[in-house]
Amino acid sequence: MKKLWFCLLAALPVLALAQDVQDEPIAPKIEDFVPDSFCARVQMLRHEVLMLACDQMEGRLTGSLQDSLSALYIGARFMENGLVPFTSGYKTAEVGVTQTDYWLPYTFKARWGEQVYSRNVAGVVKGTDSVLSERLIVVGAHFDHLGWGDKAETSMRKGVYEIHNGADDNASGVAVMLELMRYYSQYPLPKTLVFVAFSGEELGLLGSTALLDEFPVDLKDIDVMFNLDMLGGLQGDAFRITGTGTSQEAGAMVEEARRHTDLELSVSPDGHGPSDHAAFYARQIPVFFFCTPPTPTYHTPDDDPATLNYEGMARIAALAGNLIKQAGTLKSLHFTSAGEPQRPTKGMGDFKVTLGLMPDINNTSKEGLTAMIVVEGKPAYKAGLRSGDIMCSLNGQKITSIEQYMEFLATLRQGMKVKIKAIRKSDGKKTVYVAHV
């Protein structure tokens, strides 16, 4: 009865939503995919972001009406492409499938006190090989965001009650996932692909954890998980793939992928992090994490569709498609531990005292660590540091990685002074700034 209620409730505004999204109408005909050469269609990526991150979706807070509407929309995309719902009988095609058949519901008590009902959305493209099809590849992206910014408590603009559309975070990742889904539903791989749109990521990886807790088959059947989270902020050609230390095969796979992309790739071995892949890595499942650096719109009402780099999203999608294809033909991927948790985050971290900046999670500078976002009014900004400046050292300690930066933050106490030696983005000169935390 609860499932039916949500279906009926969400069905009412869906037609109005489709009609209201006029910012960038999709053309009547989109070019077809080319076999053996996945290339995401920029116009389709833009369309999906607009559908999920328009004002009518009100920021897709987990448990909201718009959370249900988003799940209904994604379920419809799975249905029209012939995916099999991911239930205990997913290996057998079903007749009369509806959008809600792809829903995997769960409940939790939210930090604001309510008992919340939500769901993941999952569909299957069955593998073509009689043996390899028993192996699963999970391709996931979370579709939830912060709603109006008041309940999730992670808005970068405290006290502002305004729609946080979450175009980059993470309509962008869902858009890429849906394009990959469309392609591989036409051109399946030997292994079985499970496409999952997660809810509850912003509240603490709730959806991915719920999925794994109730997974309909043995978790050992999962070869690898690909996580697509915040893909709209590509700047230049540099891109970092995270998770390369979580399987024996990852290094060779990335080198092969490097031959087919114009992106300048760097890698991180880490399997931890503040996104859904961490739940899989914790169960000893290999992961690949795709994420572009945070932009100044991160977790603000300004994270709108018009701010994204859609051509960059298509480039990253092609890279992901190449690695997925490799994973889909390998006999198996073998889990390896990437060591102690590193602490790259999408946000500002969980520290009592901070400098008030967001470092480059891709860590692409060879001279230090780039301060991607320096928040106005915070200690680093007051000292003179600006977005894009490269931090070379903090209190004389050389900083070249996010891990070193996080370790340094852990030593800070209120009232301390921090000498920041940095290369100014504006003129390339080295300058020392003194921040009071």
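In this chain, numbering begins with 1 at the start of the sequence shown.
Side-chain contact of S275 with D229: a donor-acceptor pair under 3.5 Å is present, judged by distance alone. No side-chain donor from either of T242 and D270 sits under 3.5 Å from a side-chain acceptor of the other. Counted by atom type alone, S68 and R119 present one or more donor-acceptor pairs between their side chains at under 3.5 Å. When only modelled atom types and interatomic distance are considered, D304 and T307 share no side-chain donor-acceptor pair under 3.5 Å. One side chain, T400 or Q404, offers a donor N or O that lies under 3.5 Å from an acceptor on the other. Counted by atom type alone, T192 and S133 present zero donor-acceptor pairs between their side chains at under 3.5 Å. Between the side chains of N227 and D276, no donor-acceptor pair is found at a separation under 3.5 Å.
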- Query: Going through the checks in order, is the salt bridge (charged side-chain N to carboxylate O under 4.0 Å, His left out) test met by E153 and K158?
  - Reply: CA-CA 8 Å; E153 298 180 354; K158 301 298 182 184; over 6 Å; no

Step by step, would you call Y73 with F78 a ring pair (Phe, Tyr, Trp, His ring centres under 6.0 Å)?
-> CA-CA 9 Å; Y73 178 80; F78 285 176; over 10 Å; no

Verdict with supporting geometry, R41 and D32, salt bridge (charged side-chain N to carboxylate O under 4.0 Å, His left out) = CA-CA 9 Å; R41 300 162 298 185; D32 294 330; 5.6 Å; no

Open item on the list: Does R135 form a salt bridge (charged side-chain N to carboxylate O under 4.0 Å, His left out) with D223? I'd like the steps, not just the answer.
Closed with: CA-CA 6 Å; R135 308 299 303 166; D223 258 1; 2.6 Å; yes

- Message: Checking W112 against E114 for the side-chain contact (heavy atoms from CB on, under 4.5 Å) test, could you report, in this order, the C-alpha distance in whole Å, the side-chain angles of both residues, the deciding distance, and whether it holds?
- Response: CA-CA 6 Å; W112 53 88; E114 297 176 12; 3.3 Å; yes

So D302 and R157, salt bridge (charged side-chain N to carboxylate O under 4.0 Å, His left out) or not? Walk me through it.
CA-CA 10 Å; D302 300 329; R157 295 186 186 165; 2.3 Å; yes

| So H142 and S199, side-chain hydrogen bond (donor to acceptor under 3.5 Å, both in side chains) or not? Walk me through it. | CA-CA 6 Å; H142 77 89; S199 67; over 6 Å; no

Given side-chain contact (heavy atoms from CB on, under 4.5 Å), test V437 with V418 step by step and report yes or no.
CA-CA 8 Å; V437 298; V418 179; 4.3 Å; yes

Take V196 and V121, measure what side-chain contact (heavy atoms from CB on, under 4.5 Å) needs, and give me the verdict at the end.
-> CA-CA 6 Å; V196 186; V121 189; over 6 Å; no

Could you walk me through whether L61 and W148 pass the side-chain contact (heavy atoms from CB on, under 4.5 Å) test, one step at a time? CA-CA 8 Å; L61 180 69; W148 287 75; over 6 Å; no

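In terms of heavy-atom proximity, G173 sits nearest to L231 at CA-CD1, 4.2 Å. A pairwise comparison of heavy atoms in A380 and L357 identifies CB-CD2, 3.9 Å as the closest pair. Here the closest heavy-atom approach between residue R60 and residue A53 is recorded as NH1-CA, 3.7 Å. Heavy atoms only, all atoms of each residue included: M79 and T98 are closest at SD-CA, 3.7 Å. The nearest pair of heavy atoms linking A327 to V224 is CB-CG1, 4.0 Å. Annotation for P85 and D101: closest pair CB-O, 3.3 Å, computed over non-hydrogen atoms.
At a threshold of 4.5 Å between non-hydrogen side-chain atoms, the residues L308 and V49 count as touching. Residues I316 and V176 are not in side-chain contact: their nearest non-hydrogen atoms beyond the backbone lie 4.5 Å or more apart. Between Q248 and L333, every side-chain heavy-atom pair lies at or beyond the 4.5 Å cut-off. Proximity of M44 to V42: side-chain heavy atoms (C-beta onward) are nowhere separated by under 4.5 Å. You'll find the side chain of S64 reaches within 4.5 Å of the side chain of D67, heavy atoms only. Here the side chains of F143 and I74 are in contact, with some heavy-atom distance below 4.5 Å. Inter-residue side-chain proximity for Y298 and P296 is flagged as unmet; no heavy-atom pair is nearer than 4.5 Å. A 4.5 Å side-chain heavy-atom check between Y183 and V125 finds every atom pair outside the cut-off.
For E80, the side-chain hydrogen bond (donor to acceptor under 3.5 Å, both in side chains) test picks out R77, with sequence neighbours left out.
Within the 3.5 Å criterion, the main-chain N or O of L205 finds a donor-acceptor partner in the side chain of T209. Checked by atom type and distance alone, the side chain of T261 never pairs as donor or acceptor with a backbone atom of A257 at under 3.5 Å. In terms of modelled atom types and a separation under 3.5 Å, the side chain of D218 and the main chain of D221 share no donor-acceptor contact. Checked by atom type and distance alone, the side chain of D303 never pairs as donor or acceptor with a backbone atom of T300 at under 3.5 Å. Between the side chain of T246 and the main chain of P286, no donor-acceptor pair closer than 3.5 Å is present. Looking at D129, its side chain does come within 3.5 Å of a backbone N or O of V131 through a donor-acceptor pair. Of the possible donor and acceptor atoms, none in the side chain of R283 sits under 3.5 Å from a partner among the backbone N and O of L219. Of the possible donor and acceptor atoms, one in the side chain of T292 sits under 3.5 Å from a partner among the backbone N and O of G233. At distances below 3.5 Å, at least one donor-acceptor pair connects side-chain atoms of D144 with backbone N or O atoms of E201. Between the side chain of D389 and the main chain of R386, a donor-acceptor pair closer than 3.5 Å is present.
The local environment of CD in E256 is crowded, with over 12 non-hydrogen atoms from other residues, nucleotides or ligands closer than 6.0 Å. By the neighbour-count criterion of 12 heavy atoms within 6.0 Å, atom NZ of K109 is sparsely surrounded, having that number or fewer from other residues, nucleotides or ligands.
Rounding to the nearest 0.5 Å places CG of L178 at 11.5 Å from CE of M51. Of the inter-residue distances, the one linking R182 atom CZ with F195 atom CZ reads 11.0 Å to the nearest 0.5 angstrom. Note that the CD atom of Q235 and the OG1 atom of T370 stand 9.5 Å from one another [nearest 0.5 Å]. Considering CD1 of I324 and CG of L180, their distance stands at 4.5 Å, rounded to 0.5 Å. Between the CG atom of N165 and the OG1 atom of T297 there is a distance of 10.5 Å, given to the nearest 0.5 Å. Here I137 contributes atom CD1 and L330 contributes atom CG; the two are 8.5 Å apart, rounded to the nearest 0.5 Å.
Annotation: H145 is in aromatic contact with H299 [ring centroid separation under 6.0 Å].
Using cut-offs of 30° and 60° on the angle between ring planes, the pair F38 and F33 is tilted. Below 30°, between 30° and 60°, or above 60°: for Y281 and F335 the angle between ring planes is between 30° and 60°, a tilted geometry.
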